[in-house]
Structure formats: C-alpha cells, structure tokens
Amino acid sequence: MTASKTYPVPEAIKSSTHLNAATYAEMYTRSIEEPEAFWAQSATMLEWYKQPTKIKNTHFGKNEVSIKWFEDGQLNASYNCIDRHLANNAKKVAFHWEGDSPEDSLDVTYQEVHYEVCKLANALKEMGVAKGDRVAIYMPMVPEAAYAMLACARIGAVHSVIFGGFSPNAIADRINDSKAKVVITADEGRRAGRSIPLKANVDKALANDACPSITHVVVHKLTGGDVDWNEKHDVWWHDAVEDCSGQCEPEVMNAEDPLFILYTSGSTGTPKGVVHTTGGYLLYSAMTFKYAFDYQEDDIYWCTADVGWITGHSYMVYGPMVNAATQVFFEGVPTYPDVKRIAQVVEKYKVNSLYTAPTAIRALMAHGDKPAEGCDLSSLRILGTVGEPINPEAWDWYHRVIGESRCPIIDTWWQTETGGHMILPLPGATSLKPGSATRPFFGIQPALFDADGNELEGEAEGNLVIKDSWPAQARTVYGDHERFINTYFSAYEGVYFTGDGARRDEDDYFWITGRVDDVLNVSGHRLGTAEIESALVAHAKVAEAAVVGFPHDIKGQGIYVYVTPNEGVVADEALTKELKAWVRQELSPIATPDMIQWSDGLPKTRSGKIMRRILRKIAANEHDQLGDTSTLADPSVVDTLIAERLNK
Ligand code: 6R9
C-alpha cells in the first residue's frame, strides 16, 4: 500500500474547536475504560425528567442479545429538541427551508416549530394515537416532515418514516409490518421541477383494504395538485389541527421506550424495521453532531439528506435540534436548476458546515470547477460526507473546489443500525487521509475479524465488528428479535457485525472497503439484492433473476441484473424496458436496473445455489478473474454469460 497524503488539522479550526488531539485521546480512553462514568456525565447534555442512575446494561451473545442504556432515566425527545430552547432561543431560526425551486423559501423559528408540533400532536391524539402506537410518515422534504416526527415523539408514538421515493408496494409492506395506525403524507412532492404523486402512492398502497391497521391518512397540502379523496380515512392536515391547541404536554418516556422504526435493507429477505429507543439514541445523535461538525452556537448547518434515511433522522432532526442548531432544510436536488445550486445555497445562507454524500459530489465533479464558479463559499468551515466510501478523487475535488482547500472533510462511517457516527475524524483532533474514515468516536471499539473468527491485530484487512455496545445502537428488529440476533450477532461471538469490510493502516486509521454481504450501495442508498430479485420474479415473464452490483462512476455501484425468461418468452429490447419500469413501480425508482442481461441459465453450484461471486466478476468486466469454478454444475453457462455481457 502506498502511503497516502495526510492533511493536518487546519490552523483556522484549531483556535475554536471543542476538541484537540490530546483531549480526544484522553476522552476516548476514558470512554473505554470507564464507560459508566463517561456516559453518565455525557448524559447531562440532555434534559431529563429523571436523571438516569443505571447507565449501561448490555449483553451480546450468540443466542441472547439485550441492550439497555440509561434504563431508569425519563425524558422526552421532542421536549429536548424544542421546548428547552424556548427560554433563550425562541426566535432563533430552526429551519431555513429552501424549496426545490430557488424562488421558494421560508424561515421557521423554534417557537413556530413548537406551535406546529403541539397542534399536530394534539390532532394525532384526537385520532386515537397513543403512546407506543406506530405512525407512518411519507413526506417530501418540507418542515412538516420534521413536525410529524417530533409530534409523534411528543406523544410517545413511534414514527416510521418511509422514504418518499418508495413505491406503493414498499409503502404497504412497511405499514403492515409495523401495523401503523396513521399515515402522514402530502398531496405531492417536488423534485427537480417534477411532481411526485405521494398521496396517490399512499392511495395505491391502501387500496383494497391492503393496510387494515390504518385509521387515518393525514394529508399536508403542499402543491395543491389534484388528489383522490377517501372520506373513510382521509383528512387534510390543516383541517385536523384547526381546533387543536398550540400547547401539548410532552409524554414522559422511559429512556428505553422506542422512538422510531426505520426500515433498511439487509442481505436477505424483506427490509428490517430497525428499532431505536429514546435516551441513548438522542444523546448519541446530539453528541456526535456537536463534535463531528464542531458545532458552535451561531453556526448555519446544512445536511442535504432526506428524512427518509437515518442521516435525516440523526443529523437533520434529532442531533441538530437538541443542540438548538439553525439548519438549511432543502427540498431539492444538488443539480437543479443547475450544478451551481449547492454553492448558491451555501452563499445565500452563509452555511458553515455542509454534510452531503459522495454520489452528489461525483455528480458535481463531472462538471469540473463550474459548480462553484462565481459563488462566495467563504462561510464554509467544515465539510462532511456520508453513505459510502469516498474515492480520493472525489475527496480532492470536494476539498479543493467546495472547501477552497481550507475545510477539513469529515468522512463519517456509520449505519442505520448504529444510530449515529461511529468512525470519523473530529475537526480539531484528527489529521485526514483522503478516503479514510479515520478513528472511532467515543465509546466505539472497532475491530477486524477474519472469516474464521480470529481477531486481526495491527495493519490488517478484514470484516469490521464493534466489540461493545454504544448508546445509539439499534435495540432490535421490530417484531423479530431473533432476526436481529441472527443478522448482527451470529457471525462472531460477542461482537456486533457491521456487514462492512475494512482495513486498518499503520496509524490505526480505518478505511472502509464496502459491504461484504449482498447489500448494494447505489448513490448512497442501501438496497438488498433479495428485494430487487423478488420484484423481478414477480413479473409474469420472468423465471429467475440474480442481482449484483458493478462499479459505477457516479452512483458508486450500479445495478446489474441477470434474468432468465419463462419458456417461450422473447427477451427483446421492449421487454428490457418493461422490466426496468416494472422494478421502478414495484419497489422504487432508486432500484431501477442499469443493465439487464438475458440468459437461459445462471451459474449454479450442484446444490443449486447461484454463484454470485462469478456474476459480480462478469458484471465488473473482470471475467479473467473468476476464481475457483470447479463447483459449477454447468460451466458452459459462464462462457455464454461472458460472451453476452453488457458492461464491455
Ligand atoms: C449512514 C448510512 C450503511 C452502509 C454502511 C457502509 C456504507 C456509510 C460510509 C459508508 C464508507 C462511509 N457507508 N457511510 N461506507 N464510508 N463514510 O449511510 O446508513 O443507509 O444504513 O448505510 O453504508 O457500507 O454499512 P445506511
């Protein structure tokens, strides 16, 4: 491995920062050696109705996993995100909302957030939503999405946000798995000038009584576009809240009461409802936010994620709001109306810290220096990235063109299941190496294991595990604790298995190499190959399908699909198109295959298992490195697949 360039902590950051190399090292050591004392003290960052005295009670076993943090503490997440700021920060802007169109924007203060959240919380109560009930949220990127989440948190309802890019079937599956009582949506969303039929998608999900748990559909009027109306359960948001009070006493929650469910893709089966609880999650998201972005009181922070993903939960709602941060809340996309949009919004609001994804960076990078031309980016102090490994070229571009070679790049490695940042540089404390997520956050003990379960020491590459619990760790998979144990704790005894591979270098820096399971990362979106395959085989003309990822310049990974048609079906261009459209409609536009290769057979072992390793190599155009093919039932299949491959 060649030594990579190291960027020391910038002088400008050093003077103001919360942490330096020495304080980071000292706090990290304490967090590992005395976790109880460390986290008890850290917990004072939140306001509790009852301070916790029992700090950590966690057990990772192959057959039994139990994770409890602050278990006798009581608090309310919405109170911590809003009410506690009203004394000093009522007039402070919580959201500079910036619409899809540059013409649309709106500022919302913490006082206004309080009012809107209380009204909706009261309306939900009137609909019969009580503590512990689930509420689905299928919203565009408008402040009402955050209000909906916080209104649930206020009354102790468990929110389940469904990404606005998911299709009716995916919505129905998620609603039914969690048995949500209410779904909160909008008439339409907007994206790059197009409208997204959110209410119509919910209508389709609920058609023919497909989601019997739903009693109310609350609809926020955003675009005023036409919608169908079902008197049985549809209600306009503005009508529902009209007579409700702007005060709503927050529910006293136990630290271990669930705060939300968020569905995420795994290597097998249907998406898992990852469950996060109140105390540990809230503390950890708030604390990582403060240190990762070196948050200072008057900072303007902007995360370009969507609330439908964990980044939107931890770093657009809970983490920043506990810190009373002012955020830009962006409805649009980085390249609309043109590639300067990000830079223009930074200039407009004088953004100090910007948090985005490598896929967005690569899309802009394709336009050279143009995305920043003529824009004043001097307010920027810190740049963050999340979602996938950032390649050094993209890192350099982000650093040079957006960060004007002045801002550190905070490459944050974490997962839906981890609730918050796990491995990342801290602005004042860590020298940077492009492409490395660097060092662990407080309390996090990463380790590398080989396939046989041996822990690897020193410079090494292996499977990334975490050796002990941290406060924001997911507690379970909703309704299926056994699946939780099997997925994360059965590969290796006594540790959490991340599903990622990583390398540790001579400075103990971690370099994430990507998933080691059948999970794809397409434009930073996590997709299970099993989900896409099941959508494909649901098509009447498809007999069998196998999905693999392949390297893609902008998306990181693209979706390559091998399909065997049913007997007598003519697999032509038209059918390829039809199948792409089918996946969009069945699952999501983000799951649309980039390439579909038709094939009369797939490479299988004699026991009938599809050999994805081989399919991955063919899709990556690395068919000269197929490895051992001796277990193939019919080796000739592979020759045909190579001859007819699409990614030449
Ligand atoms: C936060 C989030 C998690 C998976 C994770 C890994 C990949 C995320 C990364 C990264 C390298 C980073 N990932 N951040 N890989 N460097 N900075 O993205 O959650 O949607 O659950 O995805 O994303 O593979 O396992 P989620």
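Counting convention: from 1, in listed order, for ligands and their atoms alike.
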Participant: With a 4.0 Å cut-off, would you call Glu455 and Lys467 a salt bridge?
Facilitator: yes
Participant: Under 3.5 Å, N or O to N or O, is Thr311 touching ligand 1 that way?
Facilitator: no
Participant: Under 4.0 Å from a heavy atom of Val386: which atoms of ligand 1 are those, numbered in the order shown and with their elements?
Facilitator: 1 (C)
Participant: Relative to the heavy atoms of Asn521, which atoms of ligand 1 are at a distance of less than 4.0 Å?
Facilitator: 7 (C), 23 (O)
Participant: Are any of the N or O atoms of Arg526 closer than 3.5 Å to those of ligand 1?
Facilitator: yes
Participant: Which atoms of ligand 1 are found less than 4.0 Å from any heavy atom of Thr416?
Facilitator: 19 (O), 20 (O), 21 (O), 26 (P)
Participant: Measure from NZ or CZ of Arg174 to the centre of the six-membered ring of Phe166 and say whether it is under 6.0 Å with the direction within 45° of the ring axis.
Facilitator: yes
Participant: Numbering the atoms of ligand 1 from 1, which are under 4.0 Å from a heavy atom of Thr412?
Facilitator: 9 (C), 12 (C), 14 (N), 17 (N)
Participant: Write out the residue and atom name of the closest protein heavy atom to atom 11 (C) of ligand 1, then the distance separating them to 0.1 Å.
Facilitator: Pro389 N, 3.1 Å
Participant: Taking only heavy atoms of Ile310 into account, list the atoms of ligand 1 that are under 4.0 Å away from them.
Facilitator: 1 (C), 19 (O)
Participant: Is Thr385 close to ligand 1, meaning an N/O of one under 3.5 Å from an N/O of the other?
Facilitator: no
Participant: Would you call Glu622 and Lys617 a salt bridge, using N to O less than 4.0 angstrom?
Facilitator: yes
Participant: Is any side-chain N of the basic residue among Arg362 and Glu388 closer than 4.0 Å to the acidic one's carboxylate O?
Facilitator: yes
Participant: With a cut-off of 4.0 Å, which atoms of ligand 1 are near a heavy atom of Glu388?
Facilitator: 8 (C), 9 (C), 10 (C), 11 (C), 12 (C), 13 (N), 14 (N), 15 (N), 16 (N), 17 (N)
Participant: Taking the non-hydrogen atoms of Trp414, is any one of them nearer than 4.0 angstrom to ligand 1?
Facilitator: yes
Participant: Closer than 4.0 angstrom, basic N to acidic O: yes or no for Glu459 and Arg504?
Facilitator: no
Participant: Between Tyr478 and Lys272, is there a cation-pi geometry (under 6.0 Å to ring centre, at most 45° from the normal)?
Facilitator: no
Participant: Run the numbers on Asn352 and Tyr295 for side-chain hydrogen bond (donor to acceptor under 3.5 Å, both in side chains), then give the verdict.
Facilitator: CA-CA 9 Å; Asn352 305 110; Tyr295 174 71; over 6 Å; no
Participant: For residues Tyr281 and Ser314, determine if any side-chain heavy atom of one lies less than 4.5 Å from a side-chain heavy atom of the other.
Facilitator: yes
Participant: Is there a heavy atom in Gly387 that sits closer than 4.0 Å to ligand 1?
Facilitator: yes
Participant: Going by the side chain to side chain contact (heavy atoms under 4.5 Å, CB included) test, name the single residue among Tyr28, Tyr284, Trp470 that passes it with Phe442.
Facilitator: Tyr28
Participant: Are any of the N or O atoms of Glu417 closer than 3.5 Å to those of ligand 1?
Facilitator: no
Participant: Of all the atoms in ligand 1, which lie at a distance below 4.0 Å from a heavy atom belonging to Asp500?
Facilitator: 5 (C), 6 (C), 24 (O), 25 (O)
